[in-house]
Amino acid sequence: MEMQKYAMLIDYGYCTGCRSCEISCRKEHGLSLKEWGIAVQEIGPKKLKGEWEWDYVPVPSRLCDLCEGRRSEGKKPLCELHCLANVINVIPVAEVSEKMLEAGDRKISCFIP
């Protein structure tokens, strides 16, 4: 039986840049300050097509395994659990298309390790 694959959907248009995902990931995995499983990148401020853009985008690294150990225990990944804006969701890959369509024109990124 093949294990179900998971993906991380990030609705970054609502990310506040609080970095609680970074802190919880670093603590859970015992990462140093030079390592990260997820890091919030600030994009902007910049003017595009006459409108100002300024976003915070949580970006997973190759160290991110979507908290496989926690998920195997039926728990949420810590970045998802501690996200104050509730913009990080780890879902089965089979649901990604549906969720992206539901999101419409919101700012969504997807990570599949």
Side-chain angles (χ1 to χ4, degrees):
M1 185 171 114
E2 188 176 326
M3 284 187 65
Q4 186 170 10
K5 286 193 61 125
Y6 284 82
M8 180 186 293
L9 281 187
I10 302 167
D11 192 352
Y12 67 89
Y14 295 104
C15 180
T16 63
C18 73
R19 301 186 189 281
S20 62
C21 57
E22 289 180 10
I23 295 164
S24 60
C25 177
R26 195 169 272 133
K27 184 170 174 88
E28 172 74 6
H29 297 291
L31 301 174
S32 73
L33 292 176
K34 294 180 181 181
E35 300 173 297
W36 50 277
I38 190 166
V40 177
Q41 304 296 312
E42 185 174 358
I43 301 173
K46 62 184 172 192
K47 207 168 193 178
L48 295 172
K49 295 184 179 180
E51 296 201 21
W52 285 99
E53 291 267 337
W54 194 352
D55 292 310
Y56 296 97
V57 183
V59 178
S61 78
R62 63 178 175 77
L63 296 178
C64 178
D65 65 357
L66 301 177
C67 285
E68 187 176 333
R70 288 184 56 82
R71 284 187 297 103
S72 70
E73 296 172 0
K75 298 176 184 177
K76 287 184 177 184
L78 280 180
C79 59
E80 179 178 0
L81 182 66
H82 291 284
C83 180
L84 299 176
N86 197 32
V87 302
I88 297 174
N89 291 287
V90 176
I91 61 171
V93 168
E95 297 176 18
V96 169
S97 294
E98 179 184 340
K99 296 292 183 186
M100 296 286 278
L101 286 171
E102 286 175 11
D105 61 355
R106 292 197 324 257
K107 298 174 179 180
I108 306 286
S109 65
C110 180
F111 169 72
I112 303 173

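As a basis for the values below, the full set of heavy atoms in this structure was taken, side chains included, without hydrogen atoms, waters or symmetry mates. In what follows, residues are counted from 1 in the order of the sequence shown.
The distance from atom CG of Leu78 to atom CD1 of Ile38, rounded to the nearest 0.5 Å, is 11.5 Å. Distance check: Cys25 SG to Ile88 CD1 gives 9.5 Å after rounding to the nearest 0.5 Å. In this structure, the separation between CG on Leu48 and CD on Glu53 is 5.0 Å, given to the nearest 0.5 Å. With values rounded to the nearest 0.5 angstrom, Lys107 atom NZ is found 11.5 Å from Cys15 atom SG. Here the straight-line distance linking atom CD of Glu98 with atom CD of Glu95 works out to 6.5 Å at 0.5 Å rounding. In this structure, the separation between OH on Tyr12 and OG on Ser109 is 6.5 Å, given to the nearest 0.5 Å.
No side-chain heavy atom of Met8 sits less than 4.5 Å from a side-chain heavy atom of Pro58. At least one side-chain heavy atom of Arg70 sits less than 4.5 Å from a side-chain heavy atom of Leu81. Using a 4.5 Å heavy-atom threshold, the side chains of Trp54 and Glu42 count as touching.
Using a 4.5 Å cut-off between side-chain heavy atoms of Ile, Leu, Val, Met, Phe, Trp and Tyr, with links allowed through other members, Val96 and Val59 fall into different hydrophobic clusters. Residues Leu63 and Val57 fall into different hydrophobic clusters, defined by Ile, Leu, Val, Met, Phe, Trp and Tyr side chains chained together at heavy-atom separations under 4.5 Å. Cluster annotation: Tyr6 is connected to Val87 through the hydrophobic network of ILVMFWY side chains, with a link wherever side-chain heavy atoms come within less than 4.5 Å. Side-chain heavy atoms closer than 4.5 Å link hydrophobic residues (I, L, V, M, F, W, Y) into clusters, and following such links, even through other members, never connects Ile10 to Leu84.
Contact between Ala7 and Ile112 at its shortest, heavy atoms only, is CB-CG1, 3.5 Å. Contact record, Asp65 with Cys67: OD1-N, 2.9 Å, taken as the closest heavy-atom pair. Residue Lys5 comes nearest to Pro113 through the heavy atom pair NZ-O, 3.5 Å, listed as atom of the first residue, atom of the second, then distance.
In terms of modelled atom types and a separation under 3.5 Å, the side chain of Glu22 and the main chain of Val40 share a donor-acceptor contact. Not a single donor-acceptor pair under 3.5 Å links the side chain of Arg106 to the backbone N or O of Gly13. In this structure a side-chain-to-backbone donor-acceptor pair under 3.5 Å is present from Glu80 to Val90. A donor-acceptor pair under 3.5 Å is formed between the side chain of Arg26 and the backbone N or O of Ser32.
Results of the side chain to side chain contact (heavy atoms under 4.5 Å, CB included) test with Ile108 over Glu102, Met100, Lys99 single out Met100 as the only residue that passes. Evaluated for a side chain to side chain contact (heavy atoms under 4.5 Å, CB included) with Leu31, the options Glu28, Glu35, Lys27 yield exactly one hit, Glu35.
The local environment of CD in Glu73 is crowded, with over 12 non-hydrogen atoms from other residues, nucleotides or ligands closer than 6.0 Å.
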